[in-house]
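Structure record follows, encoded as structure tokens.
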2 protein chains.
Amino acid sequence: MRSKEGGTTTSKQDKRVGKIRRSEQTRRRILDAAALWLNKKGLAETSLQDLADEVGLQTASLYYHFPSKDALIEEVLHKGIEIVYEDVRRALDALEPSASYRERVRVAIAAHLSSLLEHGDYTSANIRNFPLVPENLREKNLSIRRQYGDYWRQLLQDAQKAGEVAPNVDLSLVRLFLVGAMNWSTEWFNPRKKSIDAIADMICSMIFDGIGPKEQRPSDGGQKRVTRR
Amino acid sequence: MRSKEGGTTTSKQDKRVGKIRRSEQTRRRILDAAALWLNKKGLAETSLQDLADEVGLQTASLYYHFPSKDALIEEVLHKGIEIVYEDVRRALDALEPSASYRERVRVAIAAHLSSLLEHGDYTSANIRNFPLVPENLREKNLSIRRQYGDYWRQLLQDAQKAGEVAPNVDLSLVRLFLVGAMNWSTEWFNPRKKSIDAIADMICSMIFDGIGPKEQRPSDGGQKRVTRR
DNA sequence: GTCTATACTGAGATAGAC
DNA sequence: GTCTATCTCAGTATAGAC
């Protein structure tokens, strides 16, 4: 589910909880529209006019809720990472403490993919636009991005310490490779072909076991199986 | 509107080979500038003014060489895929016919990464901009992209047929995953940290052998490979 | 809070001189 | 081939009425 009204906006002195401030709702609808357009068309092709149309306002009205287009975009981008981060963390927190690291990684992959591909447009808006977004819009995002990266780094380190990842493996590369591959999935994902869970399963197997033949290879094609999970 | 100036520019009746047509050269410099800017700033932040400045012309002069901005961009994008495709194909063609498929994949990975990260801006301009580029600019690129995708598909299929990839592996996912991860490398690659060859080696190991603990894995049975573990 | 009206800017593009 | 000059339009943003 989404991050609900809470997150960073509940503050203040809710003077009318019953009717819920319409202002907040409109603000939210503008953000949603922006996430939608950023995801579908990209920053270059997203004008305030587009957003206003989507929400049913005039462009000038947007300025009541946001001081500038940049501020609006920045907020969408921030929510994007915030949401994946939270989704992944929550998924891992929900696991049994006894869960293997392999299982943890699998769940993390599934959660990241799900956040990116199924749960609204914020995350994918961020992932897709960030690489080419102007400097000034990127800055505020860097800190939380680093945190999320660290979270994965830690997960993989723990897995290696626990002996579930070979000791000589370069975790840094694994992380960049894995996260990169997942982030690129917005370009090819098709829910009618394969479910996210199925994809996460397969990616996890690929990463841990590799795609090479699972057999001993006495240089002549012997056939002793090395069973491993 | 467009009508390509000829496959790769040699067409027509070279009236002066000695001095080499300056027009062609200028045209090329404009394309180079566009690739550079697309790669660094993205389509949204690349104006004809920027390109003209880069080349040392007035914006109006660009229209002598290209009928429109779109046409110019389309050509850069096209060259982008054309170049990777050719780089990868050439690298594989240069291999001994006896080369293992694992080696072929390794070489293909290295070639793709090299084309993307080292060899000029065209390829990375394409990869980075394509996802969010407007529909009309994308169309002309789809066909060659599909061809390139098929090339990888074929490579992996052959590898599987030859028994170097486990029979139950979903090649489609492997391809999307692998190519996606490589394409995302523009976001993190740092030549001072790791060479492309080293990265290609590690990715290849990761993909074929996995990162899980190796109980007793003979890995490459008789391959001529640099020991790297 | 949202509207209408409008200022201001920068972009792509064309015409015609040289 | 490249220039100067100019057109047109879309985009962000502001002012002030309601």
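Naming: A, B, ... by sequence-line order, numbering from 1 per chain.
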Across all chains, not counting sequence neighbours, the side chain to side chain donor-acceptor pair (under 3.5 Å) partners of B/Arg28 are B/Asp32

Between A/Ser47 and A/Asp50: side-chain donor-acceptor atoms closer than 3.5 Å: yes

Rounded to whole Å, the CG-C1' distance (B/Asn136 to C/dG12) equals 14 Å

What one should report as the nearest heavy-atom pair of B/Pro67 and B/Ala71 is CG-CB, 3.7 Å

Rounded to whole Å, CG of B/Leu48 lies from P of D/dA10 at a distance of 17 Å

Within residues 51-72 of chain A, those residues having any heavy atom closer than 4.0 Å to DNA chain D are A/Ala60, A/Tyr63, A/Ser68, A/Lys69

*asked:* Below the 4.0 Å mark, does D/dA10 have OP1 or OP2 next to a side-chain nitrogen or oxygen of A/Ser47?
replied: no

Separation of C/dA5 atom P from A/Gln49 atom CD, nearest Å, is 14 Å

Discussion item. Quick check against the 3.5 Å criterion: does A/Asp170 have a side-chain atom that pairs as donor or acceptor with the backbone of B/Met202?
Written reply: no

note: B/Leu43, atom CG; C/dA11, atom P; distance rounded to Å ~ 13 Å

(message) I want to check one thing: is the phosphate of D/dT2, taken as OP1 and OP2, less than 4.0 Å away from some side-chain N or O of B/Thr26?
(response) yes

Residue set satisfying side chain to side chain donor-acceptor pair (under 3.5 Å) with B/Gln157, at least two apart, ordered chain then number -> none

To the nearest angstrom, the CD-P distance between B/Glu45 and D/dT12 comes to 12 Å

Cut-off 3.5 Å, side chains only: do A/Gln154 and A/Asp150 have a donor facing an acceptor? no

